Chemist: 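Sharing a structure below in structure tokens format, with a few things to ask.
All values below were derived from every heavy atom in this structure, side-chain atoms included, with hydrogens, water molecules and symmetry-related copies excluded. Computed from a predicted structure; not experimentally measured. Protein chains get the first letters and strands the later ones, always in sequence-line order, with residue 1 at the start of each.
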Number of protein chains: 2
Amino acid sequence: MIDTQDKCHSSVEELLAEKNQRYTTHRKSIVRVLFELSKPASLSEILAVASQRSINLPISTAYRNLAILEDCGVVRRLIASEDLGLYELAEALTGNHHHHLICEQCGDVNDLSSNSNLERALSRAAEMVMDQIDFQVTGHRIDLTGICSNCNKVDSA
Amino acid sequence: MIDTQDKCHSSVEELLAEKNQRYTTHRKSIVRVLFELSKPASLSEILAVASQRSINLPISTAYRNLAILEDCGVVRRLIASEDLGLYELAEALTGNHHHHLICEQCGDVNDLSSNSNLERALSRAAEMVMDQIDFQVTGHRIDLTGICSNCNKVDSA
DNA sequence: TTTAGTAATGAGAACTATTCTCATTATATG
DNA sequence: CATATAATGAGAATAGTTCTCATTACTAAA
């Protein structure tokens, strides 16, 4: 489990090097933002945080780099929101296996660290599936959907 | 559990009526296609099947009706594909609680009927989550990701 | 340190799924 | 039958994302 940003950056550097990619300033900025947010973020959120730090990150560069980082196993692009790509650091990088809490009202997505009971149940389920059908399971996604604390407050107000 | 298309159509009619919506020919065609495919389908797949039956379903009408059907609880729009909306009949309509097998290679999505072990584990997990954090869980999504039989064949060929 | 050669950048065009607009057509109701 | 409302369909508009291409920044060899 990667716990400091320094360790994170050096791991990223290795992953990029494996694919002959440079760890440029822009790429480092993106990883830094994702590390510090520690929740899935949309492109505009990433740009906003960068902008707060006077980092000018052009849209096309940001998308291109996110795609490259994804290809190198640094970033994962989630499929969780209706019409927005959300990005987070890959589990293979952080070592933090987790799932997501998705608010059905505002679309906000937050991490939910997994627990061993749930994971055991899922592995069993995956095995059952593999036995029964012709599909090679390599991973799973679990999202819990509902109403986040913010939206709950707004509703009752 | 709805097992015949006739039952399905009458349930849909009721659901629409609750919201003062008519069960028009187009809407019936969409429901029919989704019922018969019995797997999540993109708009273009839906249109293709309709077209095979000489049903001319304009894009704008199809989207509009899918949105209305979703609003009435007839259809569910999945978030499972990178850049395509996928539609299926809602579980509340069919009574068939299931999850999805998503092929990471071709993006194809298929149904996976759930089983009680898995569901029990998930409800427990949901309860644990609710206790620990401020998030009101109302549902869950589980996708198993991997390689579908088709892509497996192609790879080994 | 120069010099290629290659990689990354940035601005804006292009693309694509989806939604919107609005005039026309169909349907239901008094 | 008349009128109000709903649904339709063609195409414009929108928005997230990707592509293009000229420019700039690195890197490595001479």
Chemist: Should B:Arg141 and A:Asp143 count as an ion pair when the cut-off is N to O under 4.0 Å?
Modeler: yes

Chemist: Which residues pass the ring-ring contact (aromatic ring centres under 6.0 Å, His included) test with A:His26, not counting sequence neighbours?
Modeler: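 So A:His26 forms no ring-ring contact (aromatic ring centres under 6.0 Å, His included) with any residue.
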
Chemist: Sort me out a list of protein N/O and nucleotides 4-7 of chain D N/O pairs below 3.5 Å, or just none if empty.
Modeler:
{"residue": "D:dA6", "atom": "O4'", "partner": "B:Arg22", "partner atom": "NH2", "Å": "3.1"}
{"residue": "D:dA7", "atom": "OP1", "partner": "B:Gln21", "partner atom": "OE1", "Å": "2.8"}
{"residue": "D:dA7", "atom": "OP1", "partner": "B:Arg22", "partner atom": "N", "Å": "3.3"}
{"residue": "D:dA7", "atom": "OP1", "partner": "B:Arg27", "partner atom": "NH1", "Å": "2.9"}
{"residue": "D:dA7", "atom": "OP1", "partner": "B:Arg27", "partner atom": "NH2", "Å": "3.4"}
{"residue": "D:dA7", "atom": "OP2", "partner": "B:Gln21", "partner atom": "OE1", "Å": "3.3"}

Chemist: For the pair made of CG in A:Asn56 and P in D:dT24, what is the distance, rounded to whole Å?
Modeler: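 Computing the A:Asn56:CG to D:dT24:P distance gives 16 Å.
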
Chemist: According to side chain to side chain donor-acceptor pair (under 3.5 Å), does anything in residues 63-74 of chain B pair up with another residue at least two apart or in another chain? List the pairs.
Modeler: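 Output for this query lists B:Arg27-B:Asn65.
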
Chemist: Taking the side chain as every heavy atom from C-beta outward, state whether B:His98 and B:Leu112 have any pair of such atoms under 4.5 Å apart.
Modeler: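 B:His98 vs B:Leu112: side chains apart.
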
Chemist: Could you tell me how far apart A:Leu47 (CG) and C:dA11 (P) are, to the nearest whole angstrom?
Modeler: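 Value for this atom pair: 12 Å.
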
Chemist: By ring-ring contact (aromatic ring centres under 6.0 Å, His included), which residues pair with A:His97, not counting sequence neighbours?
Modeler: A:His99, A:His140

Chemist: With a 4.5 Å cut-off on side-chain heavy atoms, are B:Ser113 and B:Asn96 touching?
Modeler: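 Touching, per the 4.5 Å side-chain cut-off.
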
Chemist: Expressed as a whole number of angstroms, how long is the span from A:Leu57:CG to C:dA11:P?
Modeler: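 In whole Å, C:dA11 P lies 11 Å from A:Leu57 CG.
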
Chemist: Where do N or O atoms of nucleotides 12-17 of chain D meet protein N or O atoms at under 3.5 Å, pair by pair?
Modeler:
{"residue": "D:dT17", "atom": "OP1", "partner": "A:Arg77", "partner atom": "NH2", "Å": "3.2"}
{"residue": "D:dT17", "atom": "OP1", "partner": "A:Gly85", "partner atom": "N", "Å": "2.7"}
{"residue": "D:dT17", "atom": "OP2", "partner": "A:Tyr63", "partner atom": "OH", "Å": "2.3"}
{"residue": "D:dT17", "atom": "O5'", "partner": "A:Tyr63", "partner atom": "OH", "Å": "3.2"}

Chemist: Mind checking what makes side-chain hydrogen bond (donor to acceptor under 3.5 Å, both in side chains) contact with B:Gln5, not counting sequence neighbours?
Modeler: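 Expected list: B:His9, B:Arg32, B:Glu36.
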
Chemist: Would A:Asn152 and A:Asn150 count as having a side-chain donor-acceptor pair, cut-off 3.5 Å?
Modeler: no

Chemist: Rounded to whole angstroms, how far apart are OH on B:Tyr23 and C1' on D:dT8?
Modeler: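 Atom-to-atom, B:Tyr23 to D:dT8, this comes out as 17 Å.
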
